**Q** 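Structure provided below as structure tokens; questions to follow.
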Amino acid sequence: MTVSTRTLASLACVALLGGCATFYEIPIETPLTPKLDISKFQRVLIAGFISGGSEDVDANVETARLLRSQLRRNSELEVIDAEVLPLLEIASQQARLTEREDGTVPDGFATAEADDPEDPIGEDDSMTEEELEAYETIFANVGYWRDLGEEYQNPLILTGSIYFSPHARSGMVTREREVYDSFGRRRTVPVRTYRDRRGFVLSPKFIFIDGETGATLYTERHREEILYDASQNTPALSSYFELMDRLLPSVLGAFSTQSIRGTRTLLK
Amino acid sequence: MVRKRLFALALVLVLGVATPRAQATSDAKAQVAFGITVARRGLWREAMYRWQRAIDLDPTYAPAWNNLGIAFEHDGRFDEAREAYETALDLDPNNFLIEQNYDLFLEVNDRVNQNPR
């Protein structure tokens, strides 16, 4: 068989196989409708977040900044440029007012304020997730959000709480180890080893509020964690962005039609 | 002689029933093939029409249901996509490719179900 005959035979085989193919991969783009009906809003205010956990990252400011830039790119809503509210302080003040009026301390505040009565906010790394939750009563304060909404001509308000904290976990992990056999061939085998790992946990709660009524429209809660080898020194801020990256599509999905790209197989 | 006549009669009956059915399957296959050609060019509406025609012609033709499921999914019609995929799987339960499409669809559907609207 000459080369040209072989080539022709191969081409014929390929053509034959192609002609007989019984399936075809096809890319598809599945639309996801927005989670919220935001048709009545033209503008969005990223008000600020009550935040706690790590002192290395100002989760309130960083989250507000990140969401603003993402929404400018991915949403048709106009993003309002405003100072990020120190929401933890505001929540704390509101709690103290309630305390004075009622003579009662809302659950959780007593613990958070015990360390330093002059600095009742307690924004330090000792604040637990449960302590942070105590400040979430601010989200139920309809009057506060309605007043804030009025100030900005009734936009959609995005707020919530962000708990970002160092996290450590030890235990067995599976790793791939390279081994060479007697012929010098390389292969990998799974090996179970005990490791100390350190990282961060991000537990945000996003709350969407109608700026006209002050009522909560929708709440979304997430929890993500990242762990590294104890010897690895990863900056808190880069871990924060890595964790936020994972949940941003879901948060942005509340505002605009997103689509999921994938591949399916058509059959003949 | 009688046996020959009976055999001929039976043959006519079998052919009389089988031929239209074979014809329907063949027509359904042609519709499915054309649907694939147009879907690959991005003409999903036309493809959907062709696959629905194929199902009208032969409702037992699993590839037509599978492809229709994909078209519905592409159009964001999740309930109809689920029904189409499940019918395809009922008709051809051992087809790995239909099963794979269905599993991928379920993943997407889970995300949609988190939707409060």
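Throughout, protein chains are lettered first and strands after them, A, B, ... in sequence-line order, and every chain is numbered starting at 1. These values consider heavy atoms only, across backbone and side chains, with no hydrogens, waters or symmetry-generated copies. Everything numeric in this text was worked out from a predicted model, so none of it was measured.
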**Q** Is the number of heavy atoms from other residues, nucleotides or ligands under 6.0 Å of A:E176 CD greater than 12?
**A** yes
**Q** Kindly check if the number of other-residue, nucleotide or ligand heavy atoms within 6.0 Å of OH (A:Y144) is above 12?
**A**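 Result for OH/A:Y144: enclosed.
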**Q** For B:E83, does the CD atom sit with more than 12 other heavy atoms under 6.0 Å from it, leaving out its own atoms?
**A**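 Open: at most 12 neighbouring heavy atoms sit under 6.0 Å from CD of B:E83.
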**Q** Let me know if B:N95 has heavy atoms under 4.5 Å from chain A in its side chain, its backbone, both or neither.
**A** side chain
**Q** So which heavy atom on A:I28 is nearest to which on B:I70, and how close?
**A**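 Looking at all heavy atoms of both residues, the closest pair is CG2-CG2, 3.8 Å.
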**Q** Using non-hydrogen atoms and a 4.5 Å limit, figure out which bit of B:N66 sits close to chain A: side chain, backbone, both or neither.
**A**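 The side chain, not the backbone.
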**Q** Side chain from CB out, backbone as N, CA, C, O: work out which of these in A:L266 comes under 4.5 Å of a heavy atom of chain B, or both, or neither.
**A**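 Backbone plus side chain of A:L266, per the 4.5 Å heavy-atom cut-off to chain B.
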**Q** Is any side-chain heavy atom of B:W44 closer than 4.5 Å to one of A:I26?
**A** yes
**Q** Do you know the tightest heavy-atom contact between B:N67 and A:T265?
**A** OD1-O, 4.4 Å
**Q** For the CZ atom on A:R192, are there more than 12 heavy atoms of other groups (residues, nucleotides or ligands in this structure) within a distance under 6.0 Å?
**A**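 Yes, the 6.0 Å shell around CZ holds more than 12 heavy atoms from other groups.
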**Q** Which atoms of B:A39 come close to chain A, meaning under 4.5 Å heavy atom to heavy atom: side chain ones, backbone ones, both, or neither?
**A** both
**Q** Is there a side-chain contact (heavy atoms from CB on, under 4.5 Å) between A:R264 and B:Y85 once you walk through the steps?
**A** CA-CA 12 Å; A:R264 300 289 183 270; B:Y85 280 131; 4.0 Å; yes
**Q** Report the residues that fulfil salt bridge (Lys or Arg N to Asp or Glu O under 4.0 Å) with A:E225, sequence neighbours left out, ordered by chain and then residue number.
**A** A:R169
**Q** Would you say the side-chain atoms of B:D75 pair up with the backbone N or O of A:P31, donor to acceptor, closer than 3.5 Å?
**A**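 Judged by distance alone, no pair lies under 3.5 Å.
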**Q** Measure the shortest side-chain to side-chain distance between A:T30 and B:F105 over non-hydrogen atoms and say whether it is less than 4.5 angstrom.
**A**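 A:T30 does not reach B:F105 side chain to side chain.
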**Q** Does B:E86, at its CD atom, have more than 12 non-hydrogen atoms belonging to other residues, nucleotides or ligands within less than 6.0 Å?
**A**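 Enclosed: over 12 neighbouring heavy atoms sit under 6.0 Å from CD of B:E86.
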**Q** Which atoms of A:S259 are under 4.5 Å from chain B, going by heavy atoms: the side chain, the backbone, both sets, or neither?
**A** neither
**Q** Roughly how far, to the nearest 0.5 Å, is the CG atom of B:N101 from the CG atom of A:L267?
**A** 6.5 Å
**Q** Between B:H74 and A:E29, which heavy-atom pair has the shortest distance, and what is it?
**A** ND1-N, 3.3 Å
**Q** Quick check for you: among B:E73, B:E107, B:Q100, B:K29, which has the greatest number of heavy-atom pairs under 4.5 Å with chain A?
**A** B:E73
**Q** Counting neighbours of CG on B:D79 that are heavy atoms of other residues, nucleotides or ligands and sit closer than 6.0 Å, is the number greater than 12?
**A** no
**Q** With a cut-off of 6.0 Å (strictly less than), are more than 12 heavy atoms of other residues, nucleotides or ligands near CZ of B:R45?
**A**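 Count not over threshold, so no.
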